[in-house]
Amino acid sequence: MLTKSKFLYDTYISDKTCLILGIGGVSMSSIALLLRDMGYSVAGYDERRGPYTDLVEKNGIEVVYGDTVPALDGIGLVVYTAAIKEDNPIIVLAKKKNIPCVVRAPFLGELMKCYSTRIGISGTHGKSTTSGMISEIFLSANVNPTVMVGADLPSIGSGLKIGGKEYFVFEACEYKDSFLSFSPTLSIVLNVELDHTDYFLSLDQMKESYTNFMNISDTAIVCADNENAVSASKKHKGKTYYYSVKDKNADFYGENIKVVRGFAEFDAYVKGEFFSHFKLRVPGAFQVSNALAAIGAAYLGGLSAEEIKTGLEGFRGVGRRFQYRGELNGAVIYDDYAHHPDEIRATLATAKSMEMGRVIVVYQPHTYTRTHDLFDGFISSFKDCDLVIFADIYAAREKNLCGISSKNLADATENGIYVGDFDCISDYLKKNLQKDDLLIIMGAGDIINLKV
């Protein structure tokens, strides 16, 4: 069990209960379990049951559901995500009762100060997979890391593994500058592309945020192949290491890359010297770049080439990142979280490299602002598939002030169609999928509930 944080004990909770709003999310459920392991009393609230509420309840945490606002008796602190607005009835009641309310990011930033080496993985896309790679390497090396990943890691059965106090591996989300509240000792930047346009109004604003994220730590690892990431790194005040699949002068470099039926192998070099040969067990040539970031983090963490090779080659991916789901009519079905044009292109390039039959996508756009502001990028991102079926936009935290719809996307995409709701899409797939088709069910919303 971890020692109680003096900050938490003295400033917030004391001997009262910490209430976690949105405990059904992967990140919030992880915080709840981490707090419980530290010896605090924890309770949760969510609108509905789900796999993560089941997980915390199995670990002895009581959860309240539905529209009813809990009385907050005995509550000493409320923790909530940036997506929850200040007019939320529970937040309003807590403030009326003078109960402190704190956003998830700064709260987690304090929690992680209990650990010596804190590795924060950031980027517009690839965070969960790269976090999973790094976690798997450290887990395999038996150094007992604490892991907090934004997707399920099969080897630990969830997104959280509570370990010792030396290593903390975590995914650092940039939305609303949440990652600026964290306290990494090593910052990793995979890429920087315009996203979350309801908050980031320009690419320059995003780059400045990533610079500020890097400057929290003395050391950063940055992708030399991403122009925006490199630009952001120029103002990093500490030591910056670069990785690349193009530049031999990078600190961590990959060459002799071969892709066989979707899976890559390559030679890795560290500071110009051959390090090891790697065969990846996750599909996609783009995974070589993610792997180099993971190799860099593990190398700087003091692990050997053999330890890194064993862990990286044992990595089989994280939940909803090109994850095998089953078969229908002889077609193979995968599930993927991609919701940004660059992610979609990378996923579909991987699907095409697997040399199967038709590549068919069911895509659920995520948020109206992203769909509207990146519209041209979306309609050009599906070129490597034979057919894309657009589901209705997942609103998440938004109202449709843009006047945008999935039918707009379908009409503008050469190989796109709009079929209707999930039931209509399911019926369409049952009637039209063929043997050797590769179907990808894609999106960051509730598309996982599509029945096929």
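Starting from 1, each residue takes its place in the sequence as its number. Keep in mind that what you see is a predicted model, and the values were worked out from it rather than measured.
Considering only residues two or more places apart in sequence or on other chains, Phe138 meets the ring-ring contact (aromatic ring centres under 6.0 Å, His included) condition with Tyr167. Every residue meeting the side chain to side chain contact (heavy atoms under 4.5 Å, CB included) condition with Tyr253, not counting sequence neighbours, appears here in chain and number order: Lys248, Glu255, Tyr269. For Tyr52, the ring-ring contact (aromatic ring centres under 6.0 Å, His included) test picks out no residue, with sequence neighbours left out. Residues meeting the ring-ring contact (aromatic ring centres under 6.0 Å, His included) test with Tyr337, sequence neighbours left out: His339. In terms of the side chain to side chain contact (heavy atoms under 4.5 Å, CB included) criterion, residue partners of Arg358 (sequence neighbours excluded) are, by chain and number, Ile360, Asp386, Gln434, Asp437. With sequence neighbours excluded, the residues that form a ring-ring contact (aromatic ring centres under 6.0 Å, His included) with Phe170 are Phe168, Phe182. For Asp392, the side chain to side chain contact (heavy atoms under 4.5 Å, CB included) criterion is met by Tyr418, not counting sequence neighbours.
For residues 203-224, every residue pair satisfying the ring pair (Phe, Tyr, Trp, His ring centres under 6.0 Å) rule, not counting sequence neighbours, is listed here: Phe179-Tyr210, Phe179-Phe213. Within the structure, salt bridge (Lys or Arg N to Asp or Glu O under 4.0 Å) pairs that include any residue of residues 135-161 do not occur (at least two apart or interchain). Residue pairs meeting the side-chain hydrogen bond (donor to acceptor under 3.5 Å, both in side chains) criterion with at least one partner in residues 438-452, sequence neighbours excluded, are Gln364-Asp446. Residue pairs that meet the salt bridge (Lys or Arg N to Asp or Glu O under 4.0 Å) test with at least one member in residues 291-310, sequence neighbours left out, are Lys309-Glu313.
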Would His277 and Asp267 count as a side-chain hydrogen bond (donor to acceptor under 3.5 Å, both in side chains) here? Give the steps. CA-CA 4 Å; His277 182 79; Asp267 293 328; 2.7 Å; yes
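A donor-acceptor pair shorter than 3.5 Å can be found between the side chains of Asn226 and Glu193. Inspection of the Arg321 and Ser128 side chains reveals an N or O donor paired with an N or O acceptor under 3.5 Å. Counted by atom type alone, Ser122 and Glu174 present zero donor-acceptor pairs between their side chains at under 3.5 Å.
Among Val318, Val282, Leu292, the single residue meeting the side-chain contact (heavy atoms from CB on, under 4.5 Å) criterion with Met133 is Val282.
Checked against a 6.0 Å centroid threshold, the rings of Phe382 and Tyr363 count as neighbours.
The aromatic rings of Tyr299 and Phe275 sit perpendicular to each other, their planes meeting at more than 60°, with 30° as the lower class boundary.
Between the CE atom in Met28 and the CG atom in Leu21 there is a gap of 6.5 Å [rounded to 0.5 Å].
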Output a table of donor-acceptor pairs, distance under 3.5 Å, between side-chain atoms of residues 197-204 and any protein atom two or more places apart or on a different chain; print 'none' if there are none.
from, atom 1, to, atom 2, distance (Å)
Thr197, OG1, Thr369, O, 3.4
Thr197, OG1, Asp373, OD2, 2.7
Asp198, OD2, Tyr175, OH, 2.8
Asp198, OD2, Arg397, NE, 3.2
Tyr199, OH, Asp177, OD2, 2.8
Ser202, OG, Gln205, N, 3.1

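Taking the centre and axis of the six-membered ring of Tyr241, the NZ or CZ atom of Lys239 falls inside the cone set by 45° and 6.0 Å.
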